[in-house]
2 protein chains.
Amino acid sequence: MATHAKNFRLIHSLGDQHIGLEARAQADDHLDTKVWLRLLACSTQIEQQVRQMLRTRFATSLPRFDYLAQLDRHPDGLRMNVLSRYLMVTGGNVTGLTDQLVKEGLVERIEDPEDRRSWRVALTDKGRTEFAVMAAEHERWLIDLFKGLPAASKDALYEHLGHLRVHLVQRQAELDAGAQEMHMTQSKRGK
Amino acid sequence: MATHAKNFRLIHSLGDQHIGLEARAQADDHLDTKVWLRLLACSTQIEQQVRQMLRTRFATSLPRFDYLAQLDRHPDGLRMNVLSRYLMVTGGNVTGLTDQLVKEGLVERIEDPEDRRSWRVALTDKGRTEFAVMAAEHERWLIDLFKGLPAASKDALYEHLGHLRVHLVQRQAELDAGAQEMHMTQSKRGK
DNA sequence: ATTAAATCGTTGACTTGTAAAGTAATTGAG
DNA sequence: CTCAATTACTTTACAAGTCAACGATTTAAT
C-alpha cells in the first residue's frame, strides 16, 4: 500500500544522515551540540503543527495563544514588563501584540495607580471565554500528537528537561550576575 | 553578596509557579502538554543565547548559520527545494536568505542542467572558511552552556529526544498519508 | 531638594518567517 | 502528442520578532 511505502521510506531515513535541522549533527560534533540540535528539531516540528492548527481552526497564532495563556493564569492581570519576561520576548513585541488583542476585544489595558509609567493587561470576559475553548482543543492536539509514545519516554523527557531548565536558569543568572558585576566596577572606576 | 542573592532568588523561583513559558503548565494540564511546554521553554532559552552570541560575535543570525551549516554538510550543494525541507522553513524564506548570502558572497546559485526550473546552492570558498570559524565557536558556546549538567542527563536527553523525533516523523507521515489518501479519493470521485 | 540614573512602555527600522498567488518548466494520462 | 497537473522557485503582503533610541516617570545618591 502506498501509505506503508511512504512511511517506511521516511522512518528508514532516520537511520541516514538527514533528519532536518539535525542533519548538521554528526559523529564529529560534541554531545552538547547534538543534544541542542535534536532539541531544536523536536521543538520546531511540534511548533509547526500547533501553529498550523491554531491558524486553521481558530484563525490565530501561537504568540497570541501564549499571550492569552499567561493572562489566563493571572486573573488580576500582569504588568507588560513582567509579561514580556514570561513570554521570553522583548517589550516592543508585547506592545504590538497587546495593541492587536485590545483591538480584538480579548484583552484590556488597565492603568496602574501606583506607577504612572506602567500598564496592567488583563483578559476581558470575551478573552477568557475564547481562550478556554482554544486551550481545551490545544490539549487534545498534543495528546494526539504524543499518542503512541511510551509513557516512560514522556516521563523521562519531562524529568530531564526539568533538570536542563534549572541548569539553564542557573547559567543565565551567573551570566547576568557577571554582567552586573562588570557594570558596577565600570561605574566606580571614576572614583 | 549581591550576586549570590540574585542567584538565590532566581533559582528558588523554580519551585514556584512561574518559570517563563512553562508558567501555563500546572497540575491540571495533561502530561503531554507539560512535556511540550517544558521542551519549548528549554529550546527558546538556548536559542536566545545562541542568537545573541551570533549577533555580537559575528554580526549574523541563527537562520543564516543554519543555512550555511546545511550547505557545509553538502559540498556539492543542495537544491533549494531540499534545503527548505532540511531547514523546516518555506521556500519563500529560502529565496530571501539565498539572495542575502549570495550578495555577501558566502553562497552561490548554480544552474541545474537537468532541470531548468531548479537551482543548486553551494558554499563559496569564502563561505566555507567563514562558517568553519563560526561553527567552532558555536560549539564552544554550547559546551559552556551545558557545563555542569550531569553527563547522565545529557545522555538521557539525547536518547529520549531521539525517540520523540522518530515518533513525530511517524505521526507526520501518517498525517501526510491521510491527506494524500483524501486527495486521491477526491480526484477519483468523478469516475 | 536636586539631579543623575534606572525603569516602563512606545516607536521605528530591520530581519525572519508564513501563506497565497504567479511564472516557468517538467511530467504523465489518455 | 497534447494538455492538465505538478513541481521549483519567486514575489507580495503581512505577522512577529529583534534592537536601539525616545519621552515620561520613578528611584536614589548627594
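Protein chains get the first letters and strands the later ones, always in sequence-line order, with residue 1 at the start of each. Note: hydrogens, waters and symmetry copies are ignored here, and every other heavy atom, side chains too, is used.
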>> Please report the distance, rounded to the nearest Å, between CZ in B/Arg85 and P in D/dT7.
In response: 11 Å
>> If you assign each of A/Arg109 and A/Gln52 to its closest nucleotide in DNA chain C, which residue comes earlier from the 5' end?
In response: A/Arg109
> Among the clusters formed by ILVMFWY side chains lying less than 4.5 Å apart, do A/Trp141 and A/Ile143 turn up in the same one?
Replying inline: no
> Which part of the nucleic acid, if any, lies within contact of A/Ser118, taking any heavy atom under 4.0 Å across all strands shown: a base, the sugar-phosphate backbone alone, or nothing?
Replying inline: sugar-phosphate
>> What is the separation between atom CE on A/Met88 and atom C1' on D/dC19, rounded to the nearest whole Å?
In response: 19 Å
>> Using whole Å, what does the distance between atom P of nucleotide C/dT15 and atom CD of B/Glu104 come to?
In response: 10 Å
> Is A/Glu130 reaching over with its side chain to a backbone N or O of A/Leu106, donor-acceptor style, under 3.5 angstrom?
Replying inline: no
> Roughly, in whole Å, what's the span from CG in B/Asp99 to P in C/dG17?
Replying inline: 14 Å
>> Between B/Lys126 (side chain only) and B/Glu104 (backbone N and O only), is there a donor and an acceptor less than 3.5 Å apart?
In response: yes
> If each of B/Gly92 and A/Gly92 is mapped to the nucleotide of DNA chain D with the nearest heavy atom, which maps nearer the 5' terminus, i.e. the 5' end?
Replying inline: B/Gly92
> Counting any heavy atom closer than 4.0 Å, what does B/Gly96 reach on the DNA or RNA strands: base, sugar-phosphate only, or nothing?
Replying inline: nothing
> In whole angstroms, how far is the C1' atom of C/dT26 from the CD atom of B/Glu114?
Replying inline: 13 Å
> Any donor-acceptor pair under 3.5 Å between the side chain of B/Arg117 and the base of C/dT26?
Replying inline: no
>> Counting only side-chain heavy atoms from C-beta out, which of D/dT11, D/dA16, C/dT10 sits nearest to A/Leu97?
In response: D/dA16
>> Is B/Gln100 close enough to C/dT16 that one of its side-chain N or O atoms is under 4.0 Å from OP1 or OP2 there?
In response: yes
>> Measuring to OP1 and OP2 of D/dT18, would you say a side-chain N or O of A/Thr90 lies under 4.0 angstrom away?
In response: yes
>> Taking 4.0 Å as the cut-off, does a side-chain nitrogen or oxygen of B/Arg116 come that near to OP1 or OP2 on C/dT26?
In response: yes
> Would you say a side-chain N or O of A/Ser61 is under 4.0 Å from OP1 or OP2 of D/dA16?
Replying inline: yes
>> Counting only side-chain nitrogens and oxygens, does B/Gln48 get under 4.0 Å of the OP1 or OP2 atom of D/dG17?
In response: no
> Which whole-number value in Å describes the distance from A/Leu83 CG to D/dA16 P?
Replying inline: 14 Å
> What is the distance, rounded to the nearest whole Å, between atom CZ of B/Arg79 and atom P of D/dT10?
Replying inline: 13 Å
> Out of C/dT10, C/dG17, D/dC9, which has the shortest distance to the side chain of B/Asn93?
Replying inline: C/dG17
> How many Å lie between CG on A/Leu62 and P on C/dT16, as a whole number?
Replying inline: 20 Å
> So does A/Arg64 get a side-chain nitrogen or oxygen closer than 4.0 Å to the phosphate oxygens (OP1/OP2) of D/dA16?
Replying inline: yes
>> Would the distance check show the side chain of A/Thr98 and the main-chain N or O of A/Val94 forming a donor-acceptor pair, the cut-off being under 3.5 Å?
In response: yes
>> Looking only at the side chain of A/Asp115 (C-beta and beyond, no hydrogens), which of the listed nucleotides C/dT10, D/dT26, D/dT10 gets closest?
In response: D/dT26
>> Strictly below 4.0 Å: does B/Arg55 bring a side-chain N or O up to OP1 or OP2 of D/dA20?
In response: yes
>> Given 3.5 Å as the limit, does a donor-acceptor pair link the side chain of A/His167 with the main chain of B/Leu145, or not?
In response: yes
>> Need one value for B/Glu47: base, sugar-phosphate or nothing, where a base atom within 4.0 Å counts as base even if backbone is also close, heavy atoms only.
In response: nothing
>> Donor-acceptor pair, distance only, cut-off 3.5 Å: does the side chain of A/Arg171 make one with the backbone of B/Asp144?
In response: yes
